[in-house]
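Below is one structure, written out as structure tokens; the observations come after it.
In this text the structure is predicted, and so the values were computed from the model without any measurement. In the text below, chain A, chain B and the rest are named by the order of the sequence lines, each starting its count at 1.
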Protein chains: 2
Amino acid sequence: MHTQANAFNSDAFNTSHNHEHCVNAALLSAKTLCRDRGQRLTPVRELVLRLIWQSHQPLGAYELLPQLAEAGFNSAPPTVYRALDFLQELGLIHRIASMNAFIGCSHPDEAHPNAFMICRECKSAAELDTAELKSALSAAAGALGFQIEQESVELMGLCQHCREAAK
Amino acid sequence: MHTQANAFNSDAFNTSHNHEHCVNAALLSAKTLCRDRGQRLTPVRELVLRLIWQSHQPLGAYELLPQLAEAGFNSAPPTVYRALDFLQELGLIHRIASMNAFIGCSHPDEAHPNAFMICRECKSAAELDTAELKSALSAAAGALGFQIEQESVELMGLCQHCREAAK
DNA sequence: GAATTGGCGTTATATTATAACAGTACACTT
DNA sequence: AAGTGTACTGTTATAATATAACGCCAATTC
């Protein structure tokens, strides 16, 4: 599971992998995390997490609502936003501000900056490996005396797959 | 003027400087840019640019509306959004997605990533110098075959000024 | 088993952004 | 200077995203 997590979800741009595996890994990881922190992964929360993970594309809150309704849950905005907030606080999903959308986090157990590449063609988003990035950010900010508490990096462009397809 | 621009607006965290000077520099730069590109810096556009530049804190579209009204302009959302879009396209302002707000760009004449530090205490935002950052981003993305077209970096934290004040 | 807490249902509303169309000013041609 | 096209603005309406507030129920604690 951890090997997969460390792939930093670059597989997101490769739609051919067995994604059900990823979803299950994420759910397992969520359950562990909740148990450790004395939090509850309730049915709504679990469903929201599953829906978000199932998609390689960031999903908007209002895209989730009909799917909640289908599953028999209340489908008013507060329900889904609460679940999203909860999952974010646990680091299980990230919000992509430039898209008003949410995507699964591929390594919730490690502290890390929120850093994504988003393909304008296929709309997939993949998390960046940020070891070096983080130090570059710290250096740049530190030079100006700024103390970083939270990072958000969103790169728009073309993924390898779509670049090749465009040729 | 250019010296000031190259300071990358780190002065934003220092509210004591003569900010009217910055605003005027920005307006001048805007006029030049518009002339070069055959675009018009109309009164609404100029006012919006001025209002945004006057503030060290990112301003939301709806915060601008009453000020437009005061100046005798139409103050419906489309008016301000049109001006904001125009100014963004010319690189004169940036949108900070995580805040749904806009801030003046301190070096509109150079191509550069959208990269800001935002202080959670004083809400000021300052543009990052991104030469090294840019190469770190390119390296990280390139390793995964991703071709960057547009960057957005938003760092939240504490600016030097507020950090010292907190001690 | 009473009290407390956390989570959800529900209604209403706030906030941010855009669509669509009509009118006006400007720039260009002749 | 009149005609013509284009870019800009005014205006109304509405879409899209997000939160406030309150009450109920279930689980947990004492």
Side-chain angles (χ1 to χ4, degrees), chain A residues 30-31 33-49 51-52 57-90 92-103 123 152 154, chain B residues 30-31 33-49 51-52 57-90 92-103 123 152 154:
Chain A
K31 277 169 189 162
L33 205 58
C34 283
R35 184 163 19 77
D36 292 354
R37 304 212 199 168
Q39 304 275 43
R40 292 163 52 198
L41 191 65
T42 63
V44 199
R45 291 169 176 175
E46 178 168 339
L47 176 57
V48 169
L49 182 57
L51 290 173
I52 287 185
Q57 307 176 0
L59 290 180
Y62 282 73
E63 293 178 87
L64 294 167
L65 286 177
Q67 308 195 62
L68 287 196
E70 239 176 79
F73 291 99
N74 170 38
S75 78
T79 300
V80 73
Y81 278 106
R82 282 170 191 148
L84 290 169
D85 287 348
F86 173 85
L87 296 170
Q88 268 186 102
E89 262 161 40
L90 261 69
L92 293 164
I93 63 174
H94 289 288
R95 178 166 191 268
I96 299 196
S98 61
M99 304 180 75
N100 295 325
F102 300 83
I103 188 140
K123 313 289 190 232
S152 161
E154 298 173 14
Chain B
K31 277 170 189 163
L33 204 58
C34 282
R35 184 163 21 77
D36 292 353
R37 303 212 201 168
Q39 305 274 42
R40 290 163 53 199
L41 191 65
T42 63
V44 200
R45 292 169 176 173
E46 178 169 340
L47 176 57
V48 169
L49 181 57
L51 290 172
I52 288 184
Q57 307 176 359
L59 291 181
Y62 281 75
E63 294 179 85
L64 295 167
L65 286 178
Q67 308 195 63
L68 286 196
E70 238 175 80
F73 291 99
N74 170 39
S75 79
T79 300
V80 73
Y81 279 106
R82 283 170 190 148
L84 291 168
D85 288 348
F86 174 84
L87 296 169
Q88 268 186 102
E89 262 161 42
L90 260 68
L92 293 164
I93 62 173
H94 289 288
R95 177 168 191 267
I96 299 195
S98 61
M99 303 181 77
N100 296 324
F102 300 83
I103 188 141
K123 313 289 190 233
S152 160
E154 297 173 15

Output one letter per nucleotide in nucleotides 17-30 of chain D: B when a protein non-hydrogen atom lies under 4.0 Å from the base, S when only the sugar-phosphate is that close, - when neither is. BBBBB---------
Could I get the full list of side-chain contact (heavy atoms from CB on, under 4.5 Å) partners for A:Ala101, not counting sequence neighbours? A:Pro58, A:Met99
Examine D:dT9: is either OP1 or OP2 under 4.0 Å from a nitrogen or oxygen in the side chain of B:Thr79? Give yes or no. no
Atom-pair distance (CZ on B:Arg45; P on D:dA7), nearest Å: 11 Å
Sequence neighbours left out, cut at 3.5 Å: what donor-acceptor pairs do the side chains of residues 35-43 of chain B make with other protein atoms?
none

Within residues 67-74 of chain B: residues closer than 4.0 Å to DNA chain D (heavy atoms): B:Asn74
Partners meeting side-chain hydrogen bond (donor to acceptor under 3.5 Å, both in side chains) with B:Arg45 (sequence neighbours left out): none
Enumerate the side chain to side chain donor-acceptor pair (under 3.5 Å) contacts for residues 78-90 of chain A, please, sequence neighbours excluded, ordered by first and then second residue. A:Asn74-A:Thr79
Can you run down the side chain to side chain donor-acceptor pair (under 3.5 Å) pairs that involve residues 93-103 of chain A, sequence neighbours left out, and say none if there aren't any? A:His94-A:His112, A:His94-A:Glu127, A:Arg95-A:Asn100, A:Ser98-A:Glu154
Donor-acceptor pairs under 3.5 angstrom involving side-chain atoms of residues 63-70 of chain A: please list them, not counting sequence neighbours.
from, atom 1, to, atom 2, distance (Å)
A:Glu63, OE2, A:Gly60, N, 2.7

Could you list where the contact with chain A starts and ends along DNA chain C, reading 5' to 3', using a 4.0 Å heavy-atom cut-off? C:dG7 to C:dT11
Rounded distance in Å - CD (B:Glu46) to P (D:dC8): 15 Å
Work out how much the helix from C:dG1-D:dC30 to C:dT30-D:dA1 bends between its end axes, five pairs an end, to the nearest 10 degrees. 30°
